[in-house]
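Here the structure comes first, spelled out in structure tokens, and everything after it is commentary.
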Amino acid sequence: MSKFLPVDEQMDLLEKGATEIVRVSDLRERLEDSRKTGRPLRVKAGFDPTAPDLHLGHTVLMRKLRHFQQLGHQVIFLIGDFTSLIGDPTGRNVTRKPLTLEQIQTNAATYKQQVFKILDEAKTEVRYNSEWLGKLDYEGTIRVTSHFTVSQMLERDEFHKRFQAEQPISLHELLYPVMQGYDSVALECDVELGGTDQKFNLQCGRDLQRHYGQKPQIILMTPILEGLDGVQKMSKSLNNAIGINEPPQEMYGKLMSISDELMWKYWELLTDIPQSEVNRLRNEVANGRQHPMALKTLLSQTIVSGFYSMEETLKAAHDWGTMHRQNVIPDDVERVAVSAGEVGWEVNKPIRLDKLLVAMGLAPSNSEAQRKIKEGALEVKGVGDRIKLYVPLEEPPCEMPPLRLGKRAKIAVIS
RNA sequence: GCACAGGUGGCCGAGCGGUUAAUGGCAGCAGACUGUAAAUCUGCCGCUCCUUGGAGCUACGGAGGUUCGAAUCCUCCCCUGUGCACCA
């Protein structure tokens with residue numbers, strides 16, 4: 001009796017949310033082999049630590065990795081500390097500025113810490129590609145790159161576009177796909193996962209493995225998750241991301257703000273609800289039997305509860321309802337510590353609200369805060385009208401009433 | 001190396017000596033409406049300081065220069081693209 005599930009059952013799970021598999025027949029075959037021999041497949045997905053935090057977009061791939069893990073295969077979480085030196089040109093119309101080694105290390109550390117919210121730490125092999133890429137000297141690099149031609153590289157969409165548009169393409173950027181391919185060789189991968197935008201890079205792995213006498217890896221691509229705007233891919237730098245480290249209120253609120261249309265993609269890629277059920281729900285909404293709002297609530301709870309306890313999730317949901325449905329600031333909102341000196345506040349003087357808002361993280365700059373205050377966007381709990389000027393206070397060690405600017409409300413604890 | 005074309009605020013893109021923090025579009029933020037959806041309408045959309053209105057500073061690749069005054073003219077430099085040359 002094999003320790004692996006029958007191939008059909010494995011495929012069911014693996015194919016959910018996968019846009020493309022190269023090739024499906026090969027994957028089946030390899031699963032069969034693994035079942036016979038009892039050898040788990042080696043499955044890798046790489047993440048470049050170019051941003052300080054992981055967001056839900058990253059989790060699409062991580063969740064797929066987990067599926068393999070659940071099926072008993074060997075999962076490799078590859079941290080592209082070396083490839084980050086270049087920066088994946090994917091989706092960029094401009095050359096990335098290289099990160100410093102320090103930034104990369106810091107980011108890698110947080111990745112490592114965050115990824116196990118999804119993957120089983122005990123069963124995950126965490127690797128860094130500096131392990132082998134760092135050892136590849138000039139000669140080695142020449143040998144590896146000699147397997148590719150320039151026109152091959154220029155076929156790649158991003159390069160092609162930039163070439164056509166007479167945009168700069170740095171030579172080292174061409175190396176990125178090569179390096180990613182070499183990762184597969186070094187790790188002897190059976191399967192590599194990646195976003196659909198990674199197709200070219202993933203293919204390079206196959207090519208290179210052939211040259212090195214390995215069986216070309218299967219590649220499995222997942223869709224790119226759109227961010228809150230519903231248009232561009234989720235990315236912290238595009239300011240449309242939901243970080244997996246964000247507090248539950250924040251996460252919940254952001255999820256509730258996505259468009260109805262986008263919600264289906266989130267159901268599909270960020271939950272374990274079977275596809276058939278998602279389709280059914282979608283039908284219900286189309287027929288008017290379900291209010292999209294109700295399903296969005298359910299979706300938000302489902303996702304948030306994957307990162308937080310049910311209790312925290314429900315509190316987030318409740319507070320959201322108070323704030324946005326009843327339009328009342330909840331009593332118990334996030335508290336932020338602010339020192340009186342930070343906002344230039346002295347006893348017996350009115351407090352500078354603009355500085356306070358910045359210190360609380362509700363506004364990006366004093367000027368911006370001032371504008372918003374003038375526009376009447378600031379709401380203070382307990383004060384009827386939206387205020388425009390200073391509120392007088394008692395003395396420094398104290399708590400301000402909850403302040404709301406836009407979608408968020410916080411309490412400043414001043415010391 | 002030579003020639004030509006370019007480098008403007010998050011992005012695109014006007015402006016080519018002075019009502020110019022710099023037209024317009026996109027994106028973003030806030031408000032109204034709503035389901036914090038979509039659509040729509042309104043305002044905002046460099047920073048800091050005093051403050052219901054002002055003041056100052058910074059900004060058109062970089063450094064100088066001409067001028068009462070420059071994103072706009074001149075010089076040098078840097079960067080990008082294209083073509084040519086070089087590849088003994």
Side-chain angles (χ1 to χ4, degrees), chain A residues 91-97 154 159-171 173 226-242 249-267 281-282 285-286 288 290-300 304 316-330 333 342-346 349-359 361-379 385-391 403-409:
Chain A
R92 300 269 158 173
N93 46 12
V94 285
T95 312
R96 275 198 191 190
K97 50 206 167 302
L154 286 180
F159 292 143
H160 188 74
K161 276 187 204 141
R162 274 157 66 179
F163 191 70
Q164 291 297 320
E166 302 190 347
Q167 296 285 311
I169 303 173
S170 292
L171 198 52
E173 291 180 87
E226 283 87 356
L228 299 174
D229 53 61
V231 180
Q232 294 189 274
K233 73 170 182 177
M234 187 177 284
S235 148
K236 193 149 187 177
S237 51
L238 292 173
N239 217 342
N240 64 359
I242 304 176
Q249 288 81 359
E250 203 73 19
M251 216 183 240
Y252 191 89
K254 286 184 176 180
L255 284 166
M256 287 305 288
S257 78
I258 64 171
S259 75
D260 292 354
E261 192 47 39
L262 186 60
M263 163 166 84
W264 303 113
K265 200 148 185 188
Y266 279 42
W267 272 112
L281 292 173
R282 192 169 186 159
V285 170
Q290 283 265 18
H291 195 295
M293 173 78 176
L295 286 183
K296 208 180 283 178
T297 305
L298 187 59
L299 172 72
S300 303
V304 173
H318 178 262
D319 283 355
W320 180 87
T322 308
M323 180 120 133
H324 299 289
R325 307 207 69 186
Q326 298 166 33
N327 205 24
V328 171
I329 303 175
V333 293
E342 192 181 344
V343 295
W345 182 36
E346 292 164 33
K349 272 182 66 185
I351 190 164
R352 282 277 302 271
L353 282 174
D354 56 343
K355 287 195 172 186
L356 181 64
L357 290 171
V358 172
L362 289 174
S365 71
N366 293 352
S367 299
E368 176 71 12
Q370 285 169 21
R371 274 183 233 118
K372 288 294 170 263
I373 292 170
K374 270 183 192 156
E375 285 175 30
L378 178 65
E379 185 181 345
D385 288 319
R386 305 229 155 167
I387 60 146
K388 297 195 175 176
L389 275 179
Y390 309 127
V391 270
L403 300 182
R404 174 184 182 180
L405 183 60
K407 293 168 186 159
R408 293 181 300 160

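- Salt bridge A/Lys372/A/Glu368: present, at least one basic N to carboxylate O contact under 4.0 Å.
- Every residue two or more places apart in sequence or in another chain was checked for a ring-ring contact (aromatic ring centres under 6.0 Å, His included) with A/His318, and none qualifies.
- Using a 4.0 Å cut-off between a side-chain N of Lys or Arg and a carboxylate O of Asp or Glu, A/Glu226 and A/Lys265 qualify as a salt bridge.
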Atom pairs, protein N/O to nucleotides 45-48 of chain B N/O, distance under 3.5 Å:
residue, atom, partner, partner atom, Å
B/C47, OP1, A/Ser365, OG, 3.0
B/C47, OP2, A/Arg371, NH2, 2.5
B/U48, OP1, A/Asn366, N, 3.4
B/U48, OP2, A/Asn366, N, 3.2
B/U48, OP2, A/Ser367, N, 2.8
B/U48, OP2, A/Ser367, OG, 2.9

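- For A/Asn366 (side chain) and A/Val358 (main-chain N/O), no donor-acceptor pair under 3.5 Å exists by modelled atom type.
- Atom CD of A/Glu379 and atom P of B/C29 are 19 Å apart (whole Å).
- One atom, CG of A/Asp229, and another, P of B/A27, lie 10 Å apart when rounded to the nearest Å.
- The side-chain contact (heavy atoms from CB on, under 4.5 Å) test with A/Leu378 singles out one residue from A/Leu353, A/Leu362, A/Asp354, and that residue is A/Leu353.
- Summarising the geometry, the separation between CG on A/Asp354 and C1' on B/C29 is reported as 17 Å, rounded to the nearest angstrom.
- Between the P atoms of B/C29 and B/A38, the separation comes to 11 Å (whole Å).
- Counting only Watson-Crick and G-U wobble pairs whose two distances sit under 3.5 Å, RNA chain B takes part in these stems of three or more pairs: B:1-7 with B:78-84, B:10-12 with B:24-26, B:28-32 with B:40-44, B:46-50 with B:53-57, B:61-65 with B:73-77.
- With both ends at atom P, the span from B/G17 to B/G13 equals 22 Å, rounded to whole Å.
- At whole-Å resolution of the value, NZ in A/Lys254 and P in B/G28 are 14 Å apart.
- Between A/Val343 and A/Arg352, the closest side-chain pair of non-hydrogen atoms is not below 4.5 Å.
- The same atom, C1', is picked in B/A63 and in B/C68; the two are 24 Å apart, to the nearest Å.
- Comparing the P positions of B/C11 and B/C60 gives a spacing of 14 Å, expressed to the nearest Å.
- Spacing of P atoms, B/C4 relative to B/A88, comes out at 29 Å, to the nearest Å.
- Among the heavy atoms of the strands lying under 4.0 Å from A/Gly253 is at least one base atom, whether or not backbone atoms are also near.
- Here A/Ile258 lies in heavy-atom contact (under 4.0 Å) with sugar-phosphate atoms only.
- The distance from atom CG of A/Leu353 to atom C1' of B/U51 is 13 Å, rounded to the nearest whole Å.
- Nucleotides B/A70 and B/A22 have their C1' atoms positioned 13 Å apart, rounded to a whole Å.
- The interatomic distance linking A/Met293 (CE) with B/U34 (C1') rounds to 10 Å, in whole Å.
- When atom types are taken as modelled, the side chain of A/Arg325 and the backbone of A/Asn327 share no donor-acceptor pair closer than 3.5 angstrom.
- Distance noted for atom C1' between B/G24 and B/C73: 27 Å (whole Å).
- Under the 4.0 Å criterion applied to side-chain N and carboxylate O atoms, A/Arg282 and A/Glu261 are assigned as salt-bridge partners.
- Of the residues near RNA chain B, A/Arg408 and A/Pro292, the one whose nearest nucleotide (by heavy atom distance) lies more toward the 5' end is A/Arg408.
- Remark: C1' of B/U51 and NZ of A/Lys374 are 8 Å apart, rounded to the nearest angstrom.
- Judged by distance alone, the side chain of A/Asp229 and the main-chain N or O of A/Gln232 form a donor-acceptor pair under 3.5 Å.
- With hydrogens and angles ignored, the 3.5 Å screen pairs a side-chain donor or acceptor of A/Arg408 with a backbone N or O of A/Gly361.
- You'll find a donor-acceptor pair under 3.5 Å spanning the side chain of A/Asp260 and the base of B/G35, going by distance alone.
- In this structure, A/Glu375 places its CD atom 13 Å from C1' of B/G28, rounding to the nearest Å.
- B/G56 and B/U51: their C1' atoms are spaced 14 Å apart (whole Å).
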